[in-house]
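Numbered from 1 within each chain, the chains take letters A, B, ... in sequence-line order. The analysis underlying the following values was restricted to heavy atoms, covering all of them including side chains, and did not include hydrogens, waters or symmetry mates.
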Amino acid sequence: MMSAEQPSNREQSAIAIRNLDKWYGTYHALRNVTLSVKPGERIVICGPSGSGKSTLIRCVNHLEEHQQGEIVVNGVTLNDSLKNIDAIRRDVGMVFQHFNLFPHLTVLENCALPQILSRGTPRKLAEERGMQLLERVRIPEQARKFPGQLSGGQQQRVAIARALCMAPKIMLFDEPTSALDPEMVKEVLETMVALAEDGMTMIVVTHEMGFARRVADRVVFMDRGAIVESSPPDAFFDAPTHERTRSFLSQIVH
Amino acid sequence: MTSLSISHAHVATDILPARQAPPIKRMPLLKMLFGDILSAALTTGALMTILALMPAVQWGLVDATWTTADPAACRDGGACWAFVGAKLRFILFGLYPPEAQWRPMIMMGLMVGMVLVSLSPALWGRKLVIAWQVAVAMMLTLMWGGVAGLSFVPTSQWGGLPVTLLLALLSLGCGFPFAVFLALGRRSSLPIPSVLSVGLIETVRGLPLVGLLFVASILLPLLLPPTWTIDKLGRTFAALTVFAAAYLAEVIRGGLQAIPAGQIEAAKALGIPHWKAIQHIVMPQAIQKVIPPLTNTAIVMVKNTSLVMIVGVFDMLSAGRSAAMDPTWPAPYREAYLFVGLIYFALCVAISYYARWLELRVKAKDYR
């Protein structure tokens, strides 16, 4: 088991995860995970299902609680302090596999209401910002519709816009294209590529290896709750060092 | 052995323009009514029921006496609707002083107006809640009087339809917010809210409403210090509110359970404070999902108000019954109950249609 990075330069890290352990009951879900992400860095995490990829990024914004180890996001340590959790969630946006849009609100309200509720942004400003971000993901014409009236790809782009409305410094993507029909995957990935090109710090859990090759600074492979391999995409795909990585890649890259 | 012939599918060389669907086949009427054994049985049964009801129609419509000032004119076998006309004010307003009955009239007008204004969900919000509080204060002032030159009318003289409407509306209106907290409490992982909610809900649901009304109107005054005497109507209202809250709470809890965990996770990830997420994200969706059982509870509560008769509150049903006791009329109980029943029916059908309209609005958002 090799650790991904030396945590020597923690001040510079956007996210620093050190010796993280998590259990679900007696099941050891994350095993001594260490990973640090520099500002502007794009990390792709892949691995078989149940390997702890989603659990790891869900620990970063405290949707899951870890039991041992340390997570520091932009210099704020994640612990039981609600103030710290709030501070970290302000900096970290998240996009889910099943979009998790609010179905009773229009697309624009989905973007505006979170700003109003968590920041107290005046409604007019929140809606203006919502429209800006919807334009950025290229669906301003859908603003007055409800999520259920949109295609999966459009819903996921709304979810990205909604997260970006909060002006996060880091974006977490939890299998953002896994629930999409094949022809919708591209539009979501293009939105994510554009975001990466703007310099957003990103951790993306995905099986889209084309995206990993094109965008990632580093590809992290997880298996059974541990990071098994972490290297730049070229090295990762062309010369994986670990046997488990090779067998995984041989199964998903045809 | 199967031959591997692949090219049997018809391959469209170019996509044809969309064509009109063939006309929908309509079933002939005779076939619809008698086409199979079940339909034939149901049709026959329905016809026989209608036939069996003919004497009732004869009594209620053909032989009925519609208008007369003379009670004696009512004694020849038909329904005596003239009685309802003569006693209308008493059935609707009970013992409320006749010269002041314009006050409950205006009160009901105000109530209907407020209900109509509240129908559209677009107006639901803090302003509407405040408007309702003001309106209810005005309604009660109108009924009570004692200020601004209005004569004081104690609640023991209130009666009839205004009492029924006030009890139904206020017990549902006050029970609802209470129910929201009970439902949240019951789902809470904190021990104290959870135990309190479960205890209250199960106790109230385990008691018959009649028992609860007795406790409120007879036992409570004995248990509380004598200086705390609360009006009987007030105690009845409290019992109905608690009863409504317990049932509404379970309905709302059902809605809460149907909200996927992803909704609250998304709210957390966006940094929305917990209570605001409950208020703006979870609760609206939960309530939209349980409109049919909420309607059911509302209708049951409207009809449950008639049970207050047992503890001596003079609601519409009591008023109808008392009106029929007048010895000058030939005991027109059937007419009195039918008329009161018709008003209940109208109220409940209105609630039912409103709920159906609300549901269609929710569907228009194309929920999944």
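Among residues 117-139 of chain A, the residues having any heavy atom closer than 4.5 Å to a heavy atom of chain B are, in sequence order, A:Leu117, A:Ser118. Contacts of residues 174-188 of chain A with chain B at a heavy-atom distance below 4.5 Å are absent; not one residue qualifies.
The structure places CG of B:Leu170 at 6.5 Å from CE of B:Met111, a figure rounded to the nearest 0.5 Å. Atom CG of B:Leu294 and atom CG of B:Leu172 lie 9.5 Å apart (nearest 0.5 Å).
Between the side chains of B:Trp124 and B:Ser118, no donor N or O sits under 3.5 Å from an acceptor N or O. A side-chain N or O of A:His28 and one of A:Asp21 form a donor-acceptor pair less than 3.5 Å apart. Checked by atom type, the side-chain pair B:Gln279/B:Lys276 shows no donor-acceptor distance below 3.5 Å.
Proximity to chain B is limited to the side chain of A:Phe96, based on heavy atoms less than 4.5 angstrom apart. Contacts of A:Leu113 with chain B are made by side-chain atoms alone, with heavy-atom separations under 4.5 Å and no backbone atom involved. For A:Asn61, the part sitting under 4.5 Å from any heavy atom of chain B is the side chain, from C-beta outward, and nothing else.
Within 6.0 Å of atom CZ in B:Phe181, 12 or fewer heavy atoms from other residues, nucleotides or ligands are found, so the atom counts as exposed in its surroundings. Within a 6.0 Å radius of CD1 in B:Ile192, no more than 12 heavy atoms belonging to other residues, nucleotides or ligands are found. Within a 6.0 Å sphere centred on CG of A:Asp198, other residues, nucleotides and ligands contribute more than 12 heavy atoms.
Between the B:Ser188 side chain and the B:Leu184 main chain, no donor and acceptor come within less than 3.5 Å of each other. Under the 3.5 Å distance criterion, the side-chain polar atoms of B:Glu265 are left unmatched by any main-chain donor or acceptor of B:Gly262.
Using cut-offs of 30° and 60° on the angle between ring planes, the pair B:Phe243 and B:Tyr247 is tilted.
By number of non-hydrogen pairs under 4.5 angstrom with chain B, the leading residue of A:Lys145, A:Arg90, A:Arg58 is A:Arg58.
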